[in-house]
> 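This is the structure, below, for whatever I ask next.
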Amino acid sequence: MRYANQELLKDRKAVGVSKGTYLRVHFKNTRETAAAVSGMELEKAIRYLEDVQTHKQCVPFRRHNGAVGRTAQAKQFGVVQGRWPVKSAKFLLGLLKNAQSNAEVNGLDVNELQVTNIIVQQAPKTRRRTYRAHGRINAYQGHPSHIEVILTPLSAEIPAAGVPAATKAPKEEATVAQIEA
């Protein structure tokens, strides 16, 4: 199976991964929810998504924030706009728990995991039609998502993007004797 971040998956036993494709959950809401969860420790991320479902904490909307209402709960994230995308939180919570169990099977300590990489991509739109007044027909599209979650231990070192860790050689400094010769 192909993942978007192949660099983290060199050693599949060192991470917990989970993937969902063509999920019927809105892309924009899921992207904002995933951005809020990215980088969190696993236990904190699970608690946060459960709080979103019960409207105790909101998801800050930073990019797809047109016509999004303001809420006081968004202040803790440094923004004013936020929502409670329950369905997106439910899908992400399921993927996080699946990745957690995959990490547990790989022998990783569940209490020491963090959400290192979480990717949300647009899936092809589902096309339906809706019937309007005066005999007209309009498009009625869904906006599904592809979601990937990668959990790594807190102490794991992540290589820089674009630079393979094995091929990176230390710089050699020239000495004065080498320059004069």
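Side-chain atoms are counted along with the backbone in the values below, which use heavy atoms only and exclude waters and symmetry mates.
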> Tell me every residue that passes side chain to side chain contact (heavy atoms under 4.5 Å, CB included) with His26, counting only those two or more places apart in sequence or in another chain.
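Partners of His26 under the side chain to side chain contact (heavy atoms under 4.5 Å, CB included) test: Asn29.
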> Taking it one step at a time, do Glu41 and Leu154 satisfy side-chain contact (heavy atoms from CB on, under 4.5 Å)?
CA-CA 8 Å; Glu41 292 181 15; Leu154 288 169; 4.0 Å; yes
> Output yes when a side-chain donor or acceptor of Asn106 lies under 3.5 Å from a complementary backbone atom of Val15, and no otherwise.
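A pair under 3.5 Å: yes.
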> If you group Ile, Leu, Val, Met, Phe, Trp and Tyr by side-chain heavy-atom gaps below 4.5 Å, do Ile118 and Phe27 land in one group?
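Yes.
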> Can you tell me how far the CD1 atom of Ile119 sits from the CD atom of Glu148, to the nearest 0.5 Å?
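One gets 4.5 Å once the value is rounded to the nearest 0.5 Å.
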> Can you list everything that forms a side chain to side chain contact (heavy atoms under 4.5 Å, CB included) with Asn102? Sequence neighbours excluded, please.
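Applying side chain to side chain contact (heavy atoms under 4.5 Å, CB included) to Asn102 gives Asn98.
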> So do Gln114 and Thr152 actually touch side chain to side chain, heavy atoms under 4.5 Å?
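Answer yes - side chains close enough.
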> To the closest 0.5 Å, what do you measure between NZ (Lys44) and CG (Leu49)?
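So the NZ of Lys44 and the CG of Leu49 are separated by 12.0 Å.
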> With a 4.5 Å cut-off on side-chain heavy-atom distances among I, L, V, M, F, W and Y, is there a chain of contacts connecting Phe91 to Ile150?
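They do not share one cluster, since no chain of ILVMFWY contacts under 4.5 Å joins Phe91 to Ile150.
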> Once rounded to the nearest 0.5 Å, what's the spacing between atom NZ of Lys90 and atom OG1 of Thr30?
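Output value for this atom pair is 13.0 Å.
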> How many angstroms lie between CG in Asp11 and NZ in Lys13, if you round to the nearest 0.5 Å?
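Answer for the CG-NZ pair, Asp11 versus Lys13, is 9.0 Å.
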> Would a 4.5 Å heavy-atom cut-off, applied to side chains only, mark Leu23 and Ile147 as touching?
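Answer yes - side chains close enough.
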> Identify, with sequence neighbours excluded, every residue that meets side chain to side chain contact (heavy atoms under 4.5 Å, CB included) alongside Lys97.
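So Lys97 forms a side chain to side chain contact (heavy atoms under 4.5 Å, CB included) with Ile46, Glu50, Leu93, Gln100.
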> By the side chain to side chain donor-acceptor pair (under 3.5 Å) test, which pairs, at least two apart or in different chains, include something from residues 124-145?
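Qualifying pairs: none.
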> Check residues 59-86 and write down every donor-acceptor pair under 3.5 Å in which the side-chain atom is one partner and the other belongs to a residue at least two apart or another chain.
unit_1: Arg62; atom_1: NH2; unit_2: Phe77; atom_2: O; d: 2.8
unit_1: Asn65; atom_1: ND2; unit_2: Arg62; atom_2: O; d: 3.3
unit_1: Asn65; atom_1: ND2; unit_2: Gln81; atom_2: OE1; d: 2.9
unit_1: Thr71; atom_1: OG1; unit_2: Gln73; atom_2: N; d: 3.4
unit_1: Gln73; atom_1: OE1; unit_2: Cys58; atom_2: N; d: 3.0
unit_1: Gln73; atom_1: OE1; unit_2: Trp84; atom_2: NE1; d: 2.8
unit_1: Gln73; atom_1: NE2; unit_2: His55; atom_2: O; d: 3.2
unit_1: Gln76; atom_1: NE2; unit_2: Gln57; atom_2: OE1; d: 3.4
unit_1: Gln81; atom_1: NE2; unit_2: Asn65; atom_2: O; d: 3.0
unit_1: Gln81; atom_1: NE2; unit_2: Val68; atom_2: O; d: 3.0
unit_1: Arg83; atom_1: NH2; unit_2: Ala67; atom_2: O; d: 3.3
unit_1: Trp84; atom_1: NE1; unit_2: Gln57; atom_2: O; d: 3.3

> I'd like to know whether Ser88 forms a side chain to side chain donor-acceptor pair (under 3.5 Å) with Thr33, so could you lay out the CA-CA distance, the side-chain angles of the two residues, the decisive distance to 0.1 Å, and finally the verdict.
CA-CA 7 Å; Ser88 295; Thr33 309; 4.5 Å; no
> What residue pairs, at least two apart or across chains, pass ring-ring contact (aromatic ring centres under 6.0 Å, His included) with a residue in residues 95-124?
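Those involving residues 95-124 do not exist here.
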> Evaluate the side-chain contact (heavy atoms from CB on, under 4.5 Å) criterion for residues Val149 and Lys19: first the C-alpha distance (whole Å), next the side-chain angles of each, then the deciding distance (0.1 Å), finally the verdict.
CA-CA 6 Å; Val149 176; Lys19 183 177 182 178; over 6 Å; no
> Please list, chain by chain and in numerical order, all residues satisfying side chain to side chain contact (heavy atoms under 4.5 Å, CB included) with Ala45, sequence neighbours excluded.
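Partners of Ala45 under the side chain to side chain contact (heavy atoms under 4.5 Å, CB included) test: Val37, Met40, Leu96, Val115.
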> Transitively linked via ILVMFWY side-chain contacts under 4.5 Å: Leu95 with Leu108?
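Linked within one cluster.
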> Without swapping roles, check the side chain of Ser38 against the backbone of Ala35 for a donor-acceptor pair under 3.5 Å.
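Such a contact is absent between Ser38 side chain and Ala35 backbone.
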> Tell me whether Val110 is reachable from Tyr48 by hopping between hydrophobic residues (I, L, V, M, F, W, Y) whose side-chain heavy atoms are closer than 4.5 Å.
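Same cluster.
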